[in-house]
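Note that these values count all heavy atoms, side chains included, but never hydrogens, waters or copies made by symmetry. All figures in this text were calculated on a predicted structure; none of them were measured in a lab.
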Amino acid sequence: MTLIAAFRCDDGLVLCADSLETLDGVPVPVRKLEPLDCGAYWLAVGGSGNGDLIDGFNESLQLDVEQWQVGHTRPVIRGLIRNVLIDFLENETR
């Protein structure tokens, strides 16, 4: 089971996740959240399930975020992320 939590604070965010992944039935330590500098924005993606799919989505989102202009509002960012997710689901998970 993966546990991920995010907390908004006055000066930013706190992100945390557990650090175990099961490979071939054996729990191994991993970093499940890795903050990425994407130019105008920072990105951290966490997920549970198929690690290859999570990593693939993370890469797709990172490439998209690196192209974003400064100053997007929360609703715009939500829509941009949604578009990347829909594209990923339609084209990469089949």
Side-chain angles (χ1 to χ4, degrees):
M1 171 187 348
T2 293
L3 302 172
I4 300 171
F7 306 93
R8 189 179 324 188
C9 304
D10 290 339
D11 294 335
L13 296 171
V14 175
L15 301 170
C16 53
D18 69 295
S19 60
L20 287 180
E21 184 174 286
T22 303
L23 296 174
D24 297 325
V26 178
V28 294
V30 296
R31 284 189 70 152
K32 292 187 179 180
L33 286 175
E34 189 73 39
L36 303 169
D37 183 352
C38 295
Y41 299 90
W42 280 88
L43 175 66
V45 176
S48 65
N50 184 313
D52 291 334
L53 285 176
I54 294 165
D55 292 343
F57 174 71
N58 192 10
E59 183 178 327
S60 294
L61 184 57
Q62 179 183 356
L63 291 171
D64 200 72
V65 172
E66 288 173 346
Q67 304 303 312
W68 292 359
Q69 297 177 5
V70 176
H72 287 311
T73 63
R74 230 180 285 162
V76 169
I77 290 172
R78 187 176 301 119
L80 292 169
I81 292 172
R82 183 177 186 274
N83 291 343
V84 174
L85 179 57
I86 289 170
D87 182 68
F88 186 81
L89 288 171
E90 289 178 351
N91 297 299
E92 302 296 331
T93 61
R94 292 187 177 176

Establish whether [X] and [Y] are linked, either directly or via other cluster members, by ILVMFWY side-chain heavy-atom contacts under 4.5 Å.
X     : Y     : value
Leu33 : Trp42 : no
Leu15 : Val65 : no
Tyr41 : Leu63 : no
Leu13 : Ile4  : no
Ile54 : Val84 : no

Ignoring hydrogens, what is the shortest heavy-atom contact between [X] and [Y]? Give both atom names and the distance.
X     : Y     : result
Thr2  : Gly47 : CG2-O, 3.7 Å
Leu20 : Val30 : C-CG2, 4.4 Å
Phe88 : Gly56 : CE1-C, 3.4 Å
Leu43 : Cys38 : CB-SG, 3.9 Å
Phe57 : Leu85 : CE1-CA, 3.6 Å
Ala44 : Pro35 : CB-CA, 4.3 Å

Straight-line distance of Asn50 CG to Asp55 CG, nearest 0.5 Å: 9.0 Å

Should we say atom CD of Glu34 is surrounded by more than 12 heavy atoms from elsewhere, each under 6.0 Å from it? yes

Between Asp18 and Lys32, does a side chain to side chain contact (heavy atoms under 4.5 Å, CB included) hold up when you go through it step by step? CA-CA 7 Å; Asp18 69 295; Lys32 292 187 179 180; 2.9 Å; yes

When you compare the side chain of Asp87 with that of Asp64, does any pair of heavy atoms fall below 4.5 Å? no

